[in-house]
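Notes for the one structure printed next.
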Amino acid sequence: GAVKIVAVNNANVDKEVTFSFMENYPHLCGEQICARGIAFVALRDMLSDEKAAKVDALIPDMLGNLYSRQLGNGGFVLWQGQNAADPWVTSMAGHFMALAAAKGYSVSQSVLNSWADFQRKEARSYRRTDSQYADGYDVAQAYRLYTLALSGKAEDAAMNRMREAASLTETARWLLASAYALSGKKQIAQTIVGEIMDAGSKSESGSGVWGVTYGSPARDKAIAVEALVLAERSAQALTLSRELANEFRGSSYYTTQSTAFAAAAVARLAEKMGDNIVSIEIGEGRRKAVERNSRSFVSASLDLDEKTVEIRNTADNAVYLNVISKLRQPAGQKVLATQEGISMKVSYLGTDGKAIDVRQIAQGTDFSINVKVSGLTSVESGKNMVLTIPVASGWEIFNDRLYGTDNHLPADSGHIDYRDDCVNIYFSLASGSAADFRIRVRASYQGEFTLPAISCEDMYHPEIHANTESGATAVK
C-alpha cells in the first residue's frame, strides 16, 4: 500500500483520485472514451508533470479510437459495429474534441466538421415529444447546444426555441445557460441562472432523465457548477463545488460520466479563480520537507512507518488537505462473494451438460462457464450492465467469433470484449428479468492456479453489483 498527502487551494474534487480512477478504468465504450478524454484534458494543467506527460501520450490514441466510432452521417456510436448514433455519446465526442483542440492537441478537422453538421441537423429538427423519456431528451438537446457553442458553432435559433419551452428540467436549463455564455450571450445566461436560483433546487432523479444521459446527481451538480462559473457567479460555484467534492469523498462508487463532468467543472472554476501558491511543511519524525507549487496543489508521499505526521501551512492562503491511501489486496487472499441490487449464479458444465468440479480438472478438458444474472428491482438502472468473466491462468477462452463455438449470449448483448484472461459482456437487464450467459473454455496448462471472482455491475449505478468468491483450481 501507499499513502499520499495532497494539499489544494480549495476544497474541490480531488484531482489525483480522479486521474487515477480514469487512468485505470477497464471498459471502453464510446461514453467512457469521451469521459476519460474530457477529464484528462480538463485536469492536465493541474496535474504533476509526470501525470501531464501521461495525458499527452494518451490523448492522441484516445482520439484515434474515438474517430473509429464515427458513422457516415457524423454521429458517434456507443460500440463499434452499431449503426445508430447515440445522441449523448455524440455530444460527448464533440465536447472531448473541442477541449482537446483548445488545449493544442491535433484534432481531425474533417471528423469535427462532420460531427458539427450532424449536431446542427439534430438541433434544428428537435421537438419535444410525449415520451416517458421526454425530460431526458430535453437534457440531451441542451447538451447538444452546449457542445456546439463550445466548438464555436452555436445554433442561436435552436437555443432561443428551447429557452421558450415551458417545462424544461433544471439540468437542461443549466446546460442552456452555459451554451448562451459560451456563445457570447452572457447576459441571457445570467438571466437563466438567476431564474434557476430564484426557483430553488429540485430533484430530477429518475430514468426519464438519467436513463438516456448516463446521469446521476453528482453529474448534474457538476453541470450546475460550470454554468455558475460561466455566468460570473463564482461564489455560488465555489460553494456548490464543495458540495460536489463532499459527494465524491462520501462515496466509494465513481462513474466515468460524473467524474468527467466534475473534472470539467473543477477546471473551469480553477481557471476563473486563478492559481494560488500552495506551500506546506511536512514533519515525519526527524524528517522535515517543504513542498511548494504555484499550480494550486502539492502532493507528497508519506512514510508508512511513522505513526504521526505534522503538516504546517507555510503559504498566506488557506489550504485543504486530502489523505489518499492505495491498498493492494495481497496475492492469494480470497475475494468474498457479495451482491447488492442483483444476484448471480455460476455453474461449470462439461460438454455433456453435467456439472463438473473445477477445483481439479484434467488437462485438455473442454467445459463451459454458465452465469445467470437476475434479481434487479430498480427501474432506473440495468441499461448498461457489464459481466466480467475472468479465467484461471491455466485455462483458455474460446472466442466464438474465431472458432464458431456455442457460446450462449443474450440477443441484447451490446458488445462482447474477448481478452486473453477474461470476457467482458455488456448488456441490458430489465427489472424483474434474468439473463443467461455461457462461455466455453479449455483447461490447457498443468499447474495450480487462482480462480478469479466473476463480477457483474451497472456501470452507471455501480452500487448495483455482485461477485462470486475467488477460489483455486488445479489442472492435472
Side-chain angles (χ1 to χ4, degrees), residues 10 12 38 41-42 91-92 94-95 97-99 101-103 112 116 119-128 135 137-202 204 209 213 215 219-244 260-275:
N10 56 68
N12 255 317
I38 291 167
V41 174
S91 290
M92 288 188 74
H95 194 169
M97 290 188 289
L99 291 181
K103 288 290 186 179
L112 194 56
Q119 291 288 81
R120 285 196 194 100
K121 180 180 177 182
E122 293 296 305
R124 292 169 184 172
S125 64
Y126 179 78
R127 297 295 184 274
R128 183 179 172 89
D135 287 346
Y137 296 147
D138 277 351
V139 173
Q141 167 73 347
Y143 185 37
R144 183 180 293 122
L145 296 171
Y146 165 94
T147 58
L148 282 167
L150 183 68
S151 62
K153 304 177 188 297
E155 276 293 315
D156 293 339
M159 289 162 60
N160 293 337
R161 188 167 60 247
M162 174 159 258
R163 187 187 175 196
E164 295 170 359
S167 57
L168 280 185
T169 64
E170 187 176 292
T171 301
R173 288 188 288 159
W174 284 122
L175 285 165
L176 186 59
S178 292
Y180 273 111
L182 291 168
S183 63
K185 297 177 176 61
K186 190 161 290 186
Q187 188 171 356
I188 298 177
Q190 291 169 339
T191 298
I192 296 173
V193 167
E195 293 168 351
I196 299 172
M197 301 294 283
D198 291 343
S201 178
K202 58 184 178 181
E204 294 180 348
V209 174
T213 68
R219 193 280 307 275
D220 291 353
K221 191 166 287 186
I223 287 172
V225 170
E226 182 173 17
L228 286 166
V229 175
L230 291 170
E232 305 290 347
R233 292 210 179 199
S234 298
Q236 291 98 325
L238 188 58
T239 299
L240 191 60
S241 73
R242 289 170 180 164
E243 292 181 20
L244 178 63
F261 278 80
V266 165
R268 187 76 71 178
L269 181 59
E271 183 181 330
K272 185 70 175 179
M273 301 294 288
D275 292 334

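The model shown is predicted, which means the values in this text are computed figures rather than measured ones.
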May I ask you to check whether Thr169 and Asp135 show a side-chain donor-acceptor distance below 3.5 Å?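 Not at all, the side chains of Thr169 and Asp135 share no donor-acceptor pair under 3.5 Å.
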So which atom in [X] and which in [Y] form the shortest heavy-atom distance, rounded to 0.1 Å?
X	Y	answer
Leu244	Ala262	CD2-CB, 4.0 Å
Leu168	Ala165	CG-CB, 4.0 Å
Ala227	Val193	O-CG2, 4.2 Å
Ala42	Ala267	O-CB, 3.2 Å
Ala177	Ile192	CB-CG2, 3.9 Å
Met159	Ser183	CE-OG, 3.7 Å

Is there a donor-acceptor pair closer than 3.5 Å between any side-chain N or O of Gln119 and the backbone N or O of Leu145?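 Flag not set: sc Gln119 to bb Leu145 has no pair under 3.5 Å.
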Output yes when a side-chain donor or acceptor of Arg219 lies under 3.5 Å from a complementary backbone atom of Thr213, and no otherwise.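 Side chain of Arg219 to backbone of Thr213: a pair is present.
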Measure the spacing between [atom1] of [X] and [atom2] of [Y] and express it to the nearest 0.5 Å.
X	Y	atom1	atom2	value
Asn160	Glu155	CG	CD	10.5 Å
Glu170	Ile223	CD	CD1	10.5 Å
Ile38	Met97	CD1	CE	10.5 Å
Glu195	Thr191	CD	OG1	6.5 Å
Gln236	Met197	CD	CE	4.5 Å

Taking only residues two or more places apart in sequence, or in another chain, which ones meet Ala142 in a side chain to side chain contact (heavy atoms under 4.5 Å, CB included)?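 Ala142 satisfies side chain to side chain contact (heavy atoms under 4.5 Å, CB included) with Met162, Ala172, Leu175 only.
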Those residues that, when tested against Arg161, pass side chain to side chain contact (heavy atoms under 4.5 Å, CB included) (two or more places apart): Arg127, Ala158
Apply side chain to side chain contact (heavy atoms under 4.5 Å, CB included) to the pair Tyr143 and Met92, showing each step before the final yes or no. CA-CA 9 Å; Tyr143 185 37; Met92 288 188 74; 3.5 Å; yes
List the steps and the verdict of side chain to side chain contact (heavy atoms under 4.5 Å, CB included) for Tyr180 and Leu230. CA-CA 9 Å; Tyr180 273 111; Leu230 291 170; over 6 Å; no
Quick one, Glu232 with Lys272, criterion side chain to side chain contact (heavy atoms under 4.5 Å, CB included). Give me CA distance, side-chain angles, the key distance, then yes/no. CA-CA 9 Å; Glu232 305 290 347; Lys272 185 70 175 179; 2.6 Å; yes
For the salt bridge (Lys or Arg N to Asp or Glu O under 4.0 Å) test, which of Arg163, Arg128, Arg173 pairs with Asp138?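 That would be Arg128; it is the only one of Arg163, Arg128, Arg173 passing the salt bridge (Lys or Arg N to Asp or Glu O under 4.0 Å) with Asp138.
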Can you confirm whether Trp174 sits close enough to Leu228 that some side-chain heavy atom of one is under 4.5 Å from a side-chain heavy atom of the other? yes
Is there any side chain to side chain donor-acceptor pair (under 3.5 Å) pair reaching into residues 261-270, and which pairs are they, with sequence neighbours excluded? Glu226-Arg268
